[in-house]
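Everything below concerns the one structure shown next.
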Amino acid sequence: MSETWAISGLDLHLEVPGTRVRAGLEEALRTAVSSGRLVPGTRLPSSRTLARDLRLARNTVADAYTQLVAEGWLVACLGSGTWVAGAPAPPPATVPRADQAAPARYDLRAGSPDLSSFPRAGWLAAARRALVAAPDAAFGYGDPRGRPELRTALAGYLARTRGVRAEPGRIVVCSGFGQALPLLAEVLRDRGVTAMAAESHTLPSAAQAIARAGLRRVVLPVDQAGAVLDGLGGAGALLLTPAHQFPLGVALAPGRRTRAVAWAAETGGLIIEDDYDGEFRYGRQPVGALQARSPERVVYAGTASKTLAPGLRLGWLVLPAHLVDDVTEAKRAADRQAGVAEQLTLAEFIRSGGYDRHVRRRRLAYRRRRDRLAAALAAQCPRCTVSGIAAGLHAVVDVPGGPSEADLVAGARRRGLALEGLSTYGPSDAGRCALVIGYGSPPDHAFTGALARLCALLAAAPG
Ligand SMILES: Cc1ncc(COP(=O)(O)O)c(C=O)c1O
């Protein structure tokens, strides 16, 4: 039996049995096609290449190809080689699960920026510059904290724009906050922390990460001044969204910021500052990073998921010195390091000013959308109240005396509009009906339609 790999056009693995070589080759190809291993439209290696790789005479392969073309298994195109016959099979029709409605035409759920605004041209240009300039060693296994180019660029950017006290050596680049929080929770648990306090309303995945690490979650109510910090219940860590509570949208009041930092200093506890949308603040009052008040007791966590795109999976931690080694080791154990091409590109995008320009452009666009949302609701649904809109890409819209959240969300679905109720993120007061509106999500061309449907839904809601 001869067995080999050819590398012309595609890797082709064929096992050609026994003595009757041509018949064996034909049969191996028929089996590969009929079993679906070689799908219609797959290009085969040239007869010369396959013959060399299988150590056969070229004519043997050419004759086998001719025979299979005659039988209709393959097609030969003059000048462009031999292909598996037939149109590519359409993907199998998926039967939607009962709980899985067809995709909505309009999406106002929180969590995503406008993906159509991804700065493709600027990103491509930065990628080209970064990959040309990178040393060969950049493409090897590297420092689990991430590429020095990116950590240096982030340190400067975060200090300049968010007041973070950052130095490259204390930054660990992660696969988003979605990886950063589980890594931190694991490290803290291994150091003896048994409980983490977190705001009552939070990302479901954050609550899951705390539980998966085996930590008890101490639930902190949120009022108009942000998280209420009276009952920290023996927690060794405190997860906060101080600049813009997610999803309620309030900023942590100055007194509470002081209280949080004092708690950390008194107890040796650690604050995790999730600054997921800190770049998008619209009012005149800047809310800088809490980390600047106590860099040894606060971990600053940032992400590219709102400014650029969640699909990049790029986030970063700025760590107190005493945590750097353990978090670096946890990152190494998890997945070695973040992908180098994206890291180098983001570093160049920041260094060249492209990131600042993009953020400023998006800030203006999202502020306009926010203003349109507030104005449309005030005009068409005056009983609704809008809150949490000094920053970010989402708003909380209360519908007093309205139907249940579930009914409202289902009604929206029937109008082709995807929405989420506030209770998705935490317990709501009895009878409260509120929506978390992600006004950043739709592409520009769909925003007007999405807003019109939302207003029509709310104006028609009983109450
Ligand atoms: C509160 C909060 N934190 C962090 C993130 C970012 O998560 P990641 O960086 O894993 O995309 C999000 C994204 O929706 C968020 O809502």
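Every number for a ligand or one of its atoms is a count from 1 in the order of the listing.
Between E348 atom CD and R128 atom CZ the span is 13.0 Å, to the nearest 0.5 Å.
Salt-bridge check for E342 with R147: failed, with every basic side-chain N at 4.0 Å or more from each acidic carboxylate O.
Annotation: cation-pi geometry satisfied between R362 and Y366 (NZ/CZ under 6.0 angstrom from ring centroid, within 45° of ring axis).
When only modelled atom types and interatomic distance are considered, T152 and R351 share no side-chain donor-acceptor pair under 3.5 Å. With no hydrogens or angles considered, a side-chain donor-acceptor pair links Y355 and T307 at under 3.5 Å. Side chains of H358 and R363: no donor on one and acceptor on the other come within 3.5 Å.
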Under 3.5 Å: N or O atoms of ligand 1 paired with protein N or O:
from: ligand 1; atom 1: 3 (N); to: D274; atom 2: OD1; distance (Å): 3.3
from: ligand 1; atom 1: 3 (N); to: D274; atom 2: OD2; distance (Å): 2.6
from: ligand 1; atom 1: 9 (O); to: F177; atom 2: N; distance (Å): 2.7
from: ligand 1; atom 1: 9 (O); to: T303; atom 2: OG1; distance (Å): 2.7
from: ligand 1; atom 1: 9 (O); to: S305; atom 2: OG; distance (Å): 3.4
from: ligand 1; atom 1: 10 (O); to: F177; atom 2: N; distance (Å): 3.2
from: ligand 1; atom 1: 10 (O); to: G178; atom 2: N; distance (Å): 2.7
from: ligand 1; atom 1: 10 (O); to: R313; atom 2: NH2; distance (Å): 2.8
from: ligand 1; atom 1: 11 (O); to: S305; atom 2: OG; distance (Å): 2.6
from: ligand 1; atom 1: 11 (O); to: R313; atom 2: NH1; distance (Å): 3.0
from: ligand 1; atom 1: 14 (O); to: K306; atom 2: NZ; distance (Å): 2.9

